[in-house]
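Take a look at the structure below.
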Amino acid sequence: MKELDRPKNLKRFYLAWQRLNHVYEEFAKKQDLTYISMFILQLIDDGTTQKELCDTLYFPKQTVNKVILSFEKKGYITLAPNPRDKRSRSIMMTKKGREFQSAVIPAIERAELETFASLSEQEQQIMTDLWEKYTDTCISKLNNAMQVQNGGKDR
């Protein structure tokens, strides 16, 4: 396997991030979910729309739609007309869906909350500030790279 030429701390950061993602994927798989469907399940509440899920999770519309349709097929949700927006439908949890959600999601939320709480308030602040800075800078650099590849034109 080709070793990526990254500074030592960036390698550590990247490997830790991938390790955590792998654990999320394994947890999801044990629940007969995908990584993406697990995070969607975490956010669904009666009245949630596909657009809200896309906007919150930054997942493509087609991906979210595929998960929503699979949840509907499994009997976890039903889709109802959205009274606020006639072009979209509201996601409504069924009893089976609420039971499944209650069996899966609390373990994730508990692990994340307990992990965050294990950090001091100052560590939480520093970690969040640095992650936001890293994310914002990386997004800016990638957007610039896409613009250069695109000849400076937006598609």
Side-chain angles (χ1 to χ4, degrees), residues 1-2 4 10 13-119 124 127-151 153-155:
M1 180 170 85
K2 181 182 175 191
L4 299 176
L10 183 57
F13 173 80
Y14 182 73
L15 291 173
W17 180 17
Q18 291 305 317
R19 199 172 87 223
L20 181 58
N21 283 337
H22 176 73
V23 171
Y24 276 117
E25 287 172 12
E26 289 299 308
F27 184 88
K29 197 182 301 180
K30 287 184 183 202
Q31 314 304 322
D32 195 29
L33 294 167
T34 65
Y35 177 80
I36 290 172
S37 63
M38 182 176 68
F39 286 109
I40 290 172
L41 180 67
Q42 190 173 19
L43 292 180
I44 292 177
D45 197 6
D46 283 344
T48 304
T49 66
Q50 180 177 315
K51 182 178 181 344
E52 289 170 333
L53 293 169
C54 292
D55 291 348
T56 301
L57 296 169
Y58 296 95
F59 292 152
K61 198 183 323 183
Q62 299 85 344
T63 302
V64 172
N65 187 55
K66 185 177 176 183
V67 171
I68 295 305
L69 293 176
S70 76
F71 284 171
E72 186 178 34
K73 186 176 178 182
K74 290 178 181 179
Y76 296 159
I77 63 162
T78 59
L79 298 172
N82 183 338
R84 295 171 304 201
D85 181 357
K86 301 295 180 202
R87 296 169 297 163
S88 68
R89 296 183 291 169
S90 295
I91 301 165
M92 306 304 286
M93 296 295 293
T94 63
K95 182 176 187 246
K96 181 179 180 182
R98 274 198 243 350
E99 288 170 357
F100 182 67
Q101 191 181 47
S102 295
V104 174
I105 300 307
I108 300 164
E109 291 177 345
R110 190 171 37 258
E112 291 171 343
L113 289 169
E114 288 174 6
T115 300
F116 207 67
S118 75
L119 303 172
Q124 293 172 10
M127 185 178 86
T128 304
D129 289 346
L130 290 173
W131 182 247
E132 285 176 347
K133 181 179 180 180
Y134 178 87
T135 300
D136 291 345
T137 303
C138 195
I139 288 169
S140 176
K141 302 266 182 215
L142 287 170
N143 284 338
N144 288 341
M146 286 188 292
Q147 235 181 358
V148 167
Q149 285 180 338
N150 214 11
K153 299 177 231 155
D154 287 330
R155 288 185 189 226

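Two residues are said to be in side-chain contact when any heavy atoms from C-beta on lie closer than 4.5 Å; Ile40 and Phe71 meet this criterion. Using a 4.5 Å cut-off on side-chain heavy atoms (C-beta onward), Leu57 and Val64 make no contact. In this structure, Ile68 and Ile77 have side chains that are in contact, with non-hydrogen atoms separated by less than 4.5 Å.
Judged purely by atom type and a 3.5 angstrom limit, Thr135 has no side-chain atom pairing as donor or acceptor with the backbone of Glu132. A donor-acceptor contact shorter than 3.5 Å is absent between the side chain of Lys74 and the backbone of Lys96. Remark: the backbone N or O of Ile44 is paired with a side-chain donor or acceptor of Gln101 at under 3.5 angstrom. Checked by atom type and distance alone, the side chain of Thr115 pairs as donor or acceptor with a backbone atom of Ala111 at under 3.5 Å. In this structure, the side chain of Asp46 engages the main chain of Met93 through a donor-acceptor pair within 3.5 Å. A donor-acceptor pair is defined here as one N or O able to donate and one able to accept, closer than 3.5 Å; such a pair exists between the side chain of Gln124 and the backbone of Phe116. Side chain of Ser102 to backbone of Glu99: no donor-acceptor contact under 3.5 angstrom is found. With hydrogens and angles disregarded, a donor-acceptor distance shorter than 3.5 Å links the side chain of Thr137 to the backbone of Lys133. With hydrogens and angles disregarded, no donor-acceptor distance shorter than 3.5 Å links the side chain of Gln42 to the backbone of Ile105.
Sorted by first then second residue, the ring-ring contact (aromatic ring centres under 6.0 Å, His included) pairs that include residues 83-106, not counting sequence neighbours, are Tyr76-Phe100. Among pairs with a residue in residues 21-32, those fulfilling side chain to side chain donor-acceptor pair (under 3.5 Å) read Asn21-Tyr35, Tyr24-Glu112, Glu26-Lys29, at least two apart in sequence or across chains.
Aromatic ring orientation, Trp131 versus Tyr134: parallel (interplanar angle below 30°, classes split at 30° and 60°).
Under the salt bridge (charged side-chain N to carboxylate O under 4.0 Å, His left out) criterion, Arg19 pairs with no residue, sequence neighbours left out.
No close placement of the Phe39 and Phe59 rings is indicated, their centers lying 6.0 Å or farther apart.
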